[in-house]
Amino acid sequence: MRLPFQKSFERLTQYPPLKMLALIVTALVVLRVAIGMFIVIPNDAGIGGLTAGIINPILVLGFLVRALMSAALNWLIIMSLFLLVLIYVRVSKRFIKEDVALSGVIFLMIIITVYRIILQFIQVIFDIPIQTTRGFSIDSLALLNPDHLWISKIGLDLFLQVGLLGMLLKYTAKLPKKDVIMWMLISVVVLYLSGVGIEYLNHLHFNYRFDGWRY
């Protein structure tokens with residue numbers, strides 16, 4: 001029985017479409033910010049609904065800046081995961097081409113970004129609060145306590161990242177099953193702490209009420 005995306009991860013070993021994947025993931029990040037322009041409700045403007053991002057030019061400018069920052073942050077995360085994969089493979093005494101590893105990580109981020117966009121639409125359609133004082137998403141324990149940083153980073157998003165990373169290690173890097181399980185367990189801790197740290201810095205320096213961005 002084949003897992004979802006298994007065939008795609010296997011194909012990356014034969015033909016890693018690095019440039020195409022890079023364009024797609026960047027476009028998706030910008031799209032996610034653009035969607036946020038139509039769902040954000042700024043406290044100080046007193047304008048809500050889908051017209052908020054259109055009427056308020058300051059908000060539009062803010063989101064343009066946010067788009068650039070988000071794209072840069074996204075690529076920083078991609079390169080960090082890329083290095084993490086190379087470390088895992090090297091420690092496991094296996095070999096993977098750098099362009100194949102990078103393509104696998106970018107493909108992983110494409111899936112994660114599409115997933116987050118879908119959640120974004122669900123929150124808008126069902127009128128679920130988009131943002132509190134910290135990032136809020138319906139797929140995390142933030143439902144229980146939206147303002148608690150450590151709880152808000154535990155959710156399906158985290159485990160989806162770890163699961164996809166495991167598939168990359170198994171079907172693209174060809175690591176043995178026991179090594180994949182070990183690295184997945186380690187990745188849960190690494191990605192969780194990284195997410196908490198990024199969210200803390202984001203909240204500390206950019207205390208905006210945007211669209212519930214989570215990394």
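Positions are given from 1, in the same order as the sequence printed here. Only a predicted model underlies this, so the values are computations on that prediction, with no experimental measurement involved.
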* For atom CD of Glu98, decide whether the heavy atoms of other residues, nucleotides or ligands shown that lie under 6.0 angstrom number more than 12. =>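 12 or below, so no.
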Side chains of [X] and [Y]: closer than 4.5 Å at any heavy-atom pair?
X      : Y      : answer
Leu81  : Ile77  : yes
Ile78  : Leu102 : yes
Thr26  : Asn74  : no
Asp157 : Gln161 : yes
Val189 : Tyr192 : no
Arg94  : Asp179 : no

* Asked: Trp183 vs Tyr88 aromatic rings, parallel, tilted or perpendicular, using cut-offs 30° and 60°?
  -> parallel
* Nearest-0.5 Å distance, OG1 of residue Thr172 to CD of residue Gln6 ->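 The CD atom of Gln6 is 10.0 Å from OG1 of Thr172, to the nearest 0.5 Å.
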* Nearest-0.5 Å distance, CG of residue Leu31 to CD of residue Gln120 ->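 Those atoms lie 8.0 Å apart.
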Are [Y] and [X] linked, directly or through intermediate hydrophobic residues, by side-chain heavy-atom contacts shorter than 4.5 Å (ILVMFWY only)?
X      : Y      : result
Leu76  : Leu68  : no
Val91  : Leu185 : no
Ile181 : Leu108 : no
Leu83  : Leu169 : yes

Can you give me the closest heavy-atom contact between [X] and [Y], atom names plus distance?
X      : Y      : value
Asp99  : Ser103 : O-OG, 2.8 Å
Val25  : Met109 : CG2-CB, 4.0 Å
Leu12  : Pro17  : CD2-CD, 3.8 Å
Ala22  : Ile106 : N-CG2, 4.0 Å
Ile111 : Leu164 : CG2-CD1, 3.7 Å
Ser187 : Leu165 : OG-CD2, 3.3 Å

* Apply side chain to side chain contact (heavy atoms under 4.5 Å, CB included) to Phe159 and Leu191, showing your working. => CA-CA 9 Å; Phe159 296 109; Leu191 294 178; over 6 Å; no
Okay, side chain of [X], backbone of [Y]: is any donor-acceptor separation there less than 3.5 Å?
X      : Y      : value
Thr113 : Val29  : no
Lys174 : Tyr171 : yes
Ser92  : Val89  : no

* **Partner of Leu28 by side-chain contact (heavy atoms from CB on, under 4.5 Å), out of Val33, Leu23, Ile117** =>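 The passing option is Ile117.
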